[in-house]
Engineer: 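To start, I am sharing the structure in question, which I have written as structure tokens.
When a ligand or atom number is given, it counts from 1 through the structure's own listing order.
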Amino acid sequence: MDTHYHLSIAHYFLLFLLASSYMQTRDELSSSVKKNLCIDEERQALLIFKQHLVDHSGRLSSWVGHDCCRWVGISCNNLTSHVVKMDLRNPYPPLIDVRNPDPVFPINEEWTKSAYVKSSLGGKINASLLSLKHLNYLDLSYNYFDSNQIPKFFGELKSLQYLNLSHASFGGEIPLSLGNLSSLNFLDLSSNFDLSSRSLNWLSRLSSMKYLDLGGINLSGTGVNWVYDVNMLPSLSELRLPLCFQIESSPVLSLQSINLTSLLILDLSDNMFTSAFPSWLFNLTSLITLDISINNFNGPFPSEFANFKYLEHLDLSETGLKGRIPKVIGNLCKLKFLSLSDNKFDGGIEEFWRSFSNCPNNSLESLDLSNCELKSQLPDSLGVLKCLQSLNLMGNNLWGSIPDFMGNFSSLKILDLSDNNMTGSIPQSLGQLSQLVSLHLAGNSWEGNLTEAHFINLTRLQDFQLGCQVGNIDRPMSLIFDVAYDWVPPFQLHRIVITNCWVGHGFWIWLQSQTELVDIFLNGNGISDSIPKEWLLMISSQLIFLDLSNNQFHGNLPSHLKFPSLKYIDLSRNQLEGLIPHWWSTTISVFNLGSNLFSGSIPSNIGLMMPNLGTLTLYENNLSGTIPPSVWNMQQLLVLSLRRNQFSGELPCALSVESKLVFLDVGLNNLSGNIPSSLGVLSSLKLLKLNNNNIGGEIPDSLQNCSSLMSIDLGDNKLSGNIPLWIGGSHVPMLSRLLLRSNYFSGHISQQLCNLRHLHILDLSYNNLSVATYVFKKRNSVVQ
Ligand SMILES: *[C@@H]1O[C@H](CO)[C@@H](O)[C@H](O)[C@H]1NC(C)=O
Ligand SMILES: *[C@@H]1O[C@H](CO)[C@@H](O)[C@H](O)[C@H]1NC(C)=O
Ligand SMILES: *[C@@H]1O[C@H](CO)[C@@H](O)[C@H](O)[C@H]1NC(C)=O
Ligand SMILES: *[C@@H]1O[C@H](CO)[C@@H](O)[C@H](O)[C@H]1NC(C)=O
Ligand SMILES: *[C@@H]1O[C@H](CO)[C@@H](O)[C@H](O)[C@H]1NC(C)=O
Ligand SMILES: *[C@@H]1O[C@H](CO)[C@@H](O)[C@H](O)[C@H]1NC(C)=O
Ligand SMILES: *[C@@H]1O[C@H](CO)[C@@H](O)[C@H](O)[C@H]1NC(C)=O
Ligand SMILES: *[C@@H]1O[C@H](CO)[C@@H](O)[C@H](O)[C@H]1NC(C)=O
Ligand SMILES: *[C@@H]1O[C@H](CO)[C@@H](O)[C@H](O)[C@H]1NC(C)=O
Ligand SMILES: *[C@@H]1O[C@H](CO)[C@@H](O)[C@H](O)[C@H]1NC(C)=O
Ligand SMILES: *[C@@H]1O[C@H](CO)[C@@H](O)[C@H](O)[C@H]1NC(C)=O
Ligand SMILES: *[C@@H]1O[C@H](CO)[C@@H](O)[C@H](O)[C@H]1NC(C)=O
């Protein structure tokens, strides 16, 4: 054994020596054969190009040395050594759209530091590129050129066949010179939202163009002529113009004869086209994908859709269609994707269902008829759609029960029947849908029991949504979620939404086996239990929404936890007790523990624990002590409700001018002192409730700076002095409720109050006010 071992080592060592020397000679050999692998003039040009670019992450750091053909992103022709391809696409696509950040997740530090921003190239594109006379492929997509123009000289890169500048933040007009790129096959300028073009006439010379994507570019200035210009491209097989015509009532030109006979993919979605469907559309008989969703086309559904014999993908959602749902769909036997969602079909559905039987061998994978005002039962003919993976019938008026055959849709991944008028029990056959990921059944009137059998094979289920009707006294809950105490579910849910159903005792037990939960909405299910720390700890790292409101949860909350992703907690209307927990989350924006039995004071460092809170509602508890300053210093706070507790002390005399507070309710507490004039900095304040406290002094004049006020309730306090004249002036023009009852206000009721045009409720009772002789004129006002 030993000898053999040593022999092997020696053997490998020898092999290694041989191999390295062989590689050396091969390298020498190849460099001598291909002496000038990279053409020096082109190498120089690339270095100048690099010099003018901004490259924070050093993506082009390999651009050194002689052989430019080996540089990152560069390819040369292996016979002529000319640079033919430059692919500098940013390998890290942006996580969010640069121009349209999701308002819930605004651009923040994290994003700015993201891989996308770091590895974006920017700066100037030097005309030295013109030395690359054989460049036929140029991709600068996903970089960041800061609204600079696309260089005019690109039009001189005569060999270009592929030009991709999408998502690169170019701006200004598309240079007409691009019309000189007569070899171009692929042109993708999409998602440069500052780019525009007033005429597409420059396209007319690009007769070998196969792929054109101008999505997101402002083409409103082209009027109706764009159709004419695009029709000059007889080789076009893919045309994408979504989000290009954003002017109300954009018309579509009619055409005498159509050139686009090779067109396979047409995307005109998200425009504002207003007209009947243009008739030339129906001559594009080779189409396999047609997306004209989100437009204002009008008129009935044209029967010419039957011309599209090869159509696989048809998206007509939000297209402005009305009237009968077309049976013609049944002639499109190749369809894989069909969406008619968000149109106003009010009839013809039976015909539509029947038309499926024209295609017994259909391969429809996705059917979306959501929000179409459909009134019918689910018909047996639906059973012919054997390949369905996604069925969305949400938001209609469908009635009757779920047919048993649904359990035979063995490929189904998504089933959404929510917000209809369906009844009956949920068939056990749904438990056979082993591919199901998402099951939405909320907003119907189901009956009967849900048991283990309903889930027996749902191993992939991630998203389960069910809502029940709150019934009458005899049958308080129409649907019962009834599984055994020791049930082990076959799935790991990411989202669970069950509202107003009756869940049996086993429910809360098996839910704790779900360790991948991200969103939990279990409002009003009569759950009577405690919220265990181990479970919260287990899901705390990924949890985003937690709503357990309106149940009978009791006991204490775990006192110290961290939630790195949490946005929303609602545990209101339960019987939870003990202290307000120390939960740390920089992401949370809503924290609602109202209507419970919490006692003690608000943690003084709450502003540190939840620095980005927008809503803090702790109303109807047994909380006491003073309201800690850190509550008043929360910069993002919009809603603060501490009503009906035993808070004491005074309102703060210093408030941040940055405060965005809209809703402030500290009524029904033991607060004392005066109304601080600092409240005047709350310029966004709409509702102010300080009622039923021991607050004295006068109404400070600074309050007139709260010009958004709509409702003021200062009733049942010890306030005195006159009712300030500004209340009836133009300072608080939106005021609709003014409640000052049970105080010590004195003096005349000013006629100025009649100027409050929106006033609906005025209560000045139980004060020392004298009523003048005039009559209140405002009709809607309730005067006491
Ligand atoms: C040149 O490269 C292409 C693509 O990489 C390859 O198909 C071709 O065989 C190569 N030609 C020579 C002569 O090496
Ligand atoms: C291109 O680079 C050359 C050499 O660095 C420079 O002189 C010229 O001004 C640059 N042109 C542009 C348009 O940046
Ligand atoms: C252009 O680049 C974008 C982003 O890198 C990519 O998604 C798109 O498919 C490319 N377009 C073409 C025609 O290849
Ligand atoms: C297109 O090329 C021709 C000839 O090279 C040139 O005269 C013309 O100015 C170019 N057009 C544009 C718009 O750059
Ligand atoms: C788009 O361009 C038209 C005219 O070219 C202009 O009137 C309109 O304001 C532009 N729209 C946007 C959103 O920039
Ligand atoms: C069809 O395309 C050809 C080639 O671009 C062009 O000459 C012809 O005018 C086009 N026809 C129409 C009706 O636009
Ligand atoms: C569409 O096709 C019909 C019949 O084939 C023909 O009469 C009509 O002229 C065509 N329309 C266009 C715009 O090409
Ligand atoms: C459906 O497919 C079967 C077998 O693949 C075939 O025999 C039958 O003719 C097809 N029917 C239609 C209407 O295409
Ligand atoms: C479901 O499929 C099975 C086997 O293909 C069949 O026997 C049964 O009749 C089908 N059920 C319904 C309700 O269509
Ligand atoms: C719901 O369906 C029932 C019949 O099952 C019908 O009487 C009722 O009008 C429907 N409700 C709505 C809102 O369509
Ligand atoms: C569950 O699905 C598997 C495969 O998809 C199948 O073999 C099995 O019979 C199914 N079990 C039940 C109880 O339907
Ligand atoms: C539902 O379950 C309850 C007990 O949990 C039982 O009394 C009732 O009969 C069941 N109803 C149906 C329709 O199975």
Engineer: Find all atoms of ligand 5 within a distance of less than 4.0 Å from any non-hydrogen atom belonging to G221, and give their numbers and elements.
Structural biologist: 5 (O)
Engineer: Less than 3.5 Å apart, any donor N or O on the side chain of S120 or N90 sitting next to an acceptor on the other?
Structural biologist: yes
Engineer: Identify the protein atoms, limited to N or O, that lie within less than 3.5 Å of an N or O atom of ligand 7, and list each pair with its distance to 0.1 Å.
Structural biologist:
{"from": "ligand 7", "atom 1": "2 (O)", "to": "N283", "atom 2": "OD1", "distance (Å)": "3.4"}
{"from": "ligand 7", "atom 1": "2 (O)", "to": "N283", "atom 2": "ND2", "distance (Å)": "2.3"}
{"from": "ligand 7", "atom 1": "11 (N)", "to": "N283", "atom 2": "ND2", "distance (Å)": "2.7"}
{"from": "ligand 7", "atom 1": "14 (O)", "to": "I258", "atom 2": "N", "distance (Å)": "3.2"}
{"from": "ligand 7", "atom 1": "14 (O)", "to": "N283", "atom 2": "ND2", "distance (Å)": "3.1"}

Engineer: I need the full list of ring pair (Phe, Tyr, Trp, His ring centres under 6.0 Å) pairs touching residues 42-67, with sequence neighbours left out, sorted by first then second residue.
Structural biologist: W63-W71
Engineer: F145 vs F170 aromatic rings, parallel, tilted or perpendicular, using cut-offs 30° and 60°?
Structural biologist: parallel
Engineer: On the six-membered ring of Y137, is K85 placed so that its NZ or CZ lies under 6.0 angstrom from the centre and within 45° of the ring axis?
Structural biologist: yes
Engineer: For I48, counting its heavy atoms only, list the atoms of ligand 2 lying under 4.0 Å from any of them.
Structural biologist: 2 (O), 4 (C), 5 (O)
Engineer: Ring centroids only, cut at 6.0 angstrom: are F305 and F277 within range, meaning strictly under it?
Structural biologist: yes
Engineer: For the residue pair F337 and H313, does the interplanar ring angle fall in the parallel (under 30°), tilted (30 to 60°) or perpendicular (over 60°) class?
Structural biologist: parallel
Engineer: For the side-chain contact (heavy atoms from CB on, under 4.5 Å) test, which of N283, V230, L239 pairs with L263?
Structural biologist: L239
Engineer: Please determine if N218 has a nitrogen or oxygen closer than 3.5 Å to a nitrogen or oxygen of ligand 5.
Structural biologist: yes
Engineer: Q51 to ligand 2: N or O pair under 3.5 Å?
Structural biologist: no
Engineer: Is it true that C76 and C68 have SG atoms closer together than 2.5 Å?
Structural biologist: no
